[in-house]
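I have placed the structure first, in the form of structure tokens, so that the comments after it can refer back to it.
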Amino acid sequence: MRAIWKGAVSFGLVNVPVRLFSATENHDVQFRQVHEKDGGRIKYQRVCSIDGEEVPYSDIAKGYEAADGQMVVLTDEDLKSLPSRSSKEISIEKFVPSEQIDPLLFDKSYYLEPDKTGLKPYVLLRDALEKADRMALVTVSVRTRMTLAVLRVREGVIVLQTLLWSDEVRKPEFESLSEDTHATSKELAMAASLVDSLSGDYEPDEFEDDYSEAVTQLVATKIEGGDITETPEAKGEETEVVDLLAALQRSVDKAKAAKSGGSSGSSASGDSGDSGDSGDSAASSAKKSTSKTAAKKSTTKKAATKKTTAKKSTTKKAAAKKAS
């Protein structure tokens with residue numbers, strides 16, 4: 001595993017240097033969106049909804065849409081003025097009973113590994129958490145935003161679990177679940193009997209992701225049977241070249257327009273006359289060039305004809321001498 005963050009746990013007057021590692025990973029089956037005809041991957045472009053043109057990443061800013069639909073564009077300077085914490089510190093605020101933290105609040109999980117110099121205070125904090133049967137409520141800034149989290153112990157390792165803010169948990173407001181609806185005592189007894197018959201311990205290895213295994217087997221079967229699509233290389237570079245040429249052409253046109261716009265009316269008319277003469281000269285030069293090219297081709301053909309004729313006559317003479 002590779003550490004994604006380095007910092008220290010502030011435990012009273014003791015600092016515990018630690019490294020942060022992701023405790024979970026996603027094994028969901030990932031599908032690609034492809035063109036059914038040739039298997040090419042589907043690409044998305046950043047297109048402006050107003051002018052319909054593609055927008056380069058350098059021209060993209062952050063915008064906040066107000067409740068009335070108005071868009072407020074925030075600049076980098078605006079974002080710098082917002083409160084942010086880049087401190088490399090996990091600050092323990094208090095120790096709370098474990099049952100007071102609703103599991104619904106848990107967001108992401110990370111392992112904390114101590115540096116070599118911080119092994120002893122790390123073990124001290126771990127053992128204290130286990131003995132007190134409490135969680136350490138902490139504040140931490142993994143990237144830029146400060147967030148709440150808890151420290152708890154799992155299999156001898158301190159785990160940091162970030163928490164959702166209280167207003168991020170929705171209230172289950174369902175009218176169909178009224179307080180007046182309850183199960184009868186007979187129904188409750190039957191349900192309790194069923195619960196007892198299905199009681200047991202949680203063993204993670206008893207369950208497996210059959211969907212993921214089925215997809216893997218399906219793909220392997222198709223590969224073995226040759227049912228695959230040969231995907232040609234994408235033509236990403238050509239688009240860049242075309243865009244570059246288009247940009248250069250626009251630059252040339254812009255420069256020409258600026259140059260012609262800066263000249264006066266009289267010089268424009270004079271230039272117009274000169275351009276006419278130059279146009280005639282260009283046409284004359286083009287005609288001469290065409291004549292020369294045609295003449296050159298004709299000479300080449302004639303030379304080739306002469307060589308061929310001479311070769312044939314020489315061959316015939318040689319044949320006549322042999323016959324005699």
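Quick caveat: nothing in here was measured; it's all calculated off a predicted structure.
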Please list, chain by chain and in numerical order, all residues satisfying salt bridge (Lys or Arg N to Asp or Glu O under 4.0 Å) with K222, sequence neighbours excluded.
-> D227
What closest approach, in Å, do N15 and A8 show between heavy atoms, and which atom pair accounts for it?
-> CB-CB, 4.5 Å
side-chain hydrogen bond (donor to acceptor under 3.5 Å, both in side chains) filter on T184, not counting sequence neighbours, yields E187
For residues 206-214, which side-chain donor-acceptor pairs fall under 3.5 Å, sequence neighbours excluded?
{"residue": "D209", "atom": "OD1", "partner": "Y211", "partner atom": "N", "Å": "3.4"}
{"residue": "D209", "atom": "OD1", "partner": "S212", "partner atom": "N", "Å": "3.4"}

Any L20 side-chain heavy atom under 4.5 Å of L112 side chain = yes
Taking only residues at least two apart or on different chains, which pairs with a member in residues 59-73 satisfy salt bridge (Lys or Arg N to Asp or Glu O under 4.0 Å)?
-> none
Does any pair with a residue in residues 24-33 pass side chain to side chain donor-acceptor pair (under 3.5 Å), and if so which ones, sequence neighbours excluded?
-> E25-H27, Q33-Y44
Rounded distance (nearest 0.5 Å) linking atom CG of L151 with atom CZ of R134 = 14.5 Å
Which atom names give the shortest non-hydrogen contact between A61 and L74, and what distance separates them?
-> CB-O, 4.3 Å
Shortest non-hydrogen contact from H35 to I42?
-> N-CD1, 3.8 Å
Those residues at least two apart in sequence (or on a different chain) that pass side-chain hydrogen bond (donor to acceptor under 3.5 Å, both in side chains) with T75 are D78
Under a single-linkage rule joining Ile, Leu, Val, Met, Phe, Trp and Tyr whose side-chain heavy atoms are separated by less than 4.5 Å, which residues share a cluster with L119?
-> V123
Exam field: side chain R126 to backbone V153, donor-acceptor pair closer than 3.5 Å | no
Partner residues of R19 under the salt bridge (Lys or Arg N to Asp or Glu O under 4.0 Å) criterion, sequence neighbours left out | E113, D115
Look up atom CE in M146 and atom CG in L148, then write down how far apart they are to the nearest 0.5 Å.
-> 6.0 Å
Return the minimal non-hydrogen interatomic distance between G63 and M71, and the atom names on each side.
-> C-SD, 3.8 Å
Are V29 and I223 in one and the same hydrophobic cluster, where Ile, Leu, Val, Met, Phe, Trp and Tyr link if side-chain heavy atoms are under 4.5 Å apart?
-> yes
What residue pairs, at least two apart or across chains, pass salt bridge (Lys or Arg N to Asp or Glu O under 4.0 Å) with a residue in residues 150-178?
-> none
Find the distance between CD1 (I90) and OG (S141) and round it off to the nearest 0.5 Å.
-> 10.5 Å
Smallest separation among heavy atoms of V14 and P121, with atom names = CG1-CB, 3.6 Å
Please report the shortest heavy-atom distance between M135 and L129, naming the atom on each side.
-> C-CD2, 4.4 Å
T162 (side chain) donor-acceptor with K108 (main chain) under 3.5 angstrom = yes
Rounded to the nearest 0.5 Å, what separation is found between the OG1 atom of T139 and the CG atom of L163?
-> 11.5 Å
Do Y122 and V157 come within less than 4.5 Å of each other through their side chains, counting heavy atoms only?
-> yes
Set of side-chain contact (heavy atoms from CB on, under 4.5 Å) partners for S197, sequence neighbours left out = L194
Hphob cluster co-occupancy, I4 + V138, side-chain heavy atoms under 4.5 angstrom | yes
Flag yes if V150 and W165 sit in one hydrophobic cluster, no otherwise; membership is Ile, Leu, Val, Met, Phe, Trp, Tyr, and two members link when side-chain heavy atoms are under 4.5 Å apart.
-> yes
pair V159-Y111: side-chain heavy atoms closer than 4.5 Å = yes
Show me, pair by pair, the donor-acceptor contacts under 3.5 angstrom made by side chains of residues 95-107, not counting sequence neighbours?
{"residue": "S98", "atom": "OG", "partner": "D133", "partner atom": "O", "Å": "3.4"}
{"residue": "D102", "atom": "OD1", "partner": "L104", "partner atom": "N", "Å": "3.0"}

For S10, what residues pass the side-chain hydrogen bond (donor to acceptor under 3.5 Å, both in side chains) criterion, not counting sequence neighbours?
-> E89
